[in-house]
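First up is the structure itself, then whatever we jot down about it.
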Amino acid sequence: MSGVSGISERIDRIFHEKYKERCERRFENLAFIFGALAKSVKSKDPNLEVYLDYHKLSELIRSYFIDVIRYKEYHFNGKPGVDPFSKVWVDQVHKKNINASKVAALTCKWILGYKPIVVVSKASPGTISPVANVIANINEHFAFNAALYALGVDIADVPDERIEEIIYNFRFRRFEEGAYFMILTVANLTATVDPNGKT
């Protein structure tokens, strides 16, 4: 049976029992990443105001954790012979962690879905910002920075070509989480890109 939020009562119960407390930490982490991004944008163009919709941020974090629950429920198993609807099974499955690449990809998926950042310019109409490309893709940059945070990768270690490629794909291509489980890895992001497009 589904509740008002469109998720089953079981998933909702697991969310509240196992993941609700994690939402606050994730909120703080993503708000911190947003703050650094907003500060960087404003330092290059003081005419810009960068806003984060905190309601959307809360919703995307909740959606992320529900996605994680569903992923674990589908891919992970409890001990053989334990009833999958029992508390013991739930405890066994949900104490397991997904790897950093999956955390990064699922975080990006929901940031790109909710697009919680808005940029407003106080400049005269027709004025081109020195960070026009960044503000046009601000949510994609936010997602990318959140992925790097999840992976423990410094943006200075990622080749510019790789950053441009991922931001472009975030913006214009359909997000396939399975593909990004492989793309958003430390090894793939930090690999050197040669002029022929090979790593």
Side-chain angles (χ1 to χ4, degrees), residues 5 15 19-69 71 97-123 127-160 162-177 180-181 183-186 188-190:
S5 59
F15 171 76
Y19 296 90
K20 187 101 167 89
E21 289 182 14
R22 296 188 199 183
C23 289
E24 190 174 322
R25 287 194 305 273
R26 182 59 55 89
F27 188 95
E28 289 169 3
N29 290 342
L30 291 178
F32 173 78
I33 293 164
F34 161 77
L37 182 60
K39 184 177 177 182
S40 172
V41 166
K42 281 199 59 89
S43 72
K44 295 174 180 118
D45 187 345
N47 287 315
L48 298 175
E49 293 297 334
V50 187
Y51 299 101
L52 177 62
D53 183 327
Y54 290 102
H55 176 71
K56 283 187 177 181
L57 183 63
S58 294
E59 284 301 306
L60 79 84
I61 290 167
R62 181 178 172 279
S63 297
Y64 163 85
F65 280 113
I66 289 169
D67 218 3
V68 168
I69 292 167
Y71 181 87
N97 293 320
I98 60 175
N99 67 36
S101 177
K102 290 179 178 69
V103 171
L106 293 175
T107 300
C108 289
K109 171 184 171 180
W110 291 106
I111 289 174
L112 297 171
Y114 278 92
K115 298 190 183 305
I117 301 177
V118 174
V119 180
V120 177
S121 177
K122 299 179 291 184
T127 305
I128 297 174
S129 171
V131 286
N133 186 46
V134 173
I135 60 174
N137 301 297
I138 193 77
N139 285 290
E140 290 76 11
H141 281 278
F142 182 39
F144 184 68
N145 281 285
L148 294 180
Y149 183 86
L151 294 165
V153 173
D154 190 314
I155 197 162
D157 296 331
V158 184
D160 290 342
R162 181 84 67 227
I163 297 170
E164 289 172 21
E165 173 192 3
I166 290 174
I167 297 298
Y168 178 87
N169 288 335
F170 279 176
R171 178 70 188 256
F172 297 109
R173 304 221 188 272
R174 200 170 98 192
F175 190 91
E176 299 281 346
E177 66 190 46
Y180 280 96
F181 289 167
I183 293 168
L184 296 174
T185 64
V186 175
N188 188 47
L189 289 175
T190 58

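For Glu177, the salt bridge (charged side-chain N to carboxylate O under 4.0 Å, His left out) test picks out Lys109, with sequence neighbours left out. For Arg174, the salt bridge (charged side-chain N to carboxylate O under 4.0 Å, His left out) partners at least two apart in sequence or on another chain are Glu176. Not counting sequence neighbours, Arg25 has no partner by the side-chain hydrogen bond (donor to acceptor under 3.5 Å, both in side chains) test. Not counting sequence neighbours, the partners of Tyr19 by the ring pair (Phe, Tyr, Trp, His ring centres under 6.0 Å) test are Phe65, His94. Judged as a side-chain hydrogen bond (donor to acceptor under 3.5 Å, both in side chains), and not counting sequence neighbours, Thr185 has no contacts. Contacts of Lys42 classified as salt bridge (charged side-chain N to carboxylate O under 4.0 Å, His left out), with partners at least two apart in sequence or in another chain: Glu49. Listed by chain and number, the residues in a side-chain hydrogen bond (donor to acceptor under 3.5 Å, both in side chains) with Arg171 are Asn137 (sequence neighbours excluded). Every residue two or more places apart in sequence or in another chain that forms a side-chain hydrogen bond (donor to acceptor under 3.5 Å, both in side chains) with Asn169 is listed here: Arg173. For Lys44, there are no salt bridge (charged side-chain N to carboxylate O under 4.0 Å, His left out) partners, not counting sequence neighbours.
Among pairs with a residue in residues 31-52, none fulfils ring-ring contact (aromatic ring centres under 6.0 Å, His included), at least two apart in sequence or across chains. For the salt bridge (charged side-chain N to carboxylate O under 4.0 Å, His left out) condition, the pairs that include at least one residue of residues 127-140, sequence neighbours left out, are Lys115-Glu140.
Between Tyr114 and Ser63, the side chains place a donor N or O and an acceptor N or O closer than 3.5 Å (distance only, hydrogens not considered).
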Distance-only donor-acceptor hits, side chain of residues 144-158, under 3.5 Å, sequence neighbours excluded:
residue : atom : partner : partner atom : Å
Asn145  : ND2  : His141  : O            : 2.7
Tyr149  : OH   : Asn29   : OD1          : 3.4
Asp154  : OD1  : Ala156  : N            : 2.8

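When all heavy atoms are compared, the tightest approach of Ile111 to Asn139 is CG2-O, 3.7 Å.
The main-chain N or O of Asn188 is found under 3.5 Å from a side-chain atom of Arg162 such that the two form a donor-acceptor pair.
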Task: Audit row: Asp45, Ser129, side chain to side chain donor-acceptor pair (under 3.5 Å) steps and yes/no - done: CA-CA 7 Å; Asp45 187 345; Ser129 171; 2.6 Å; yes
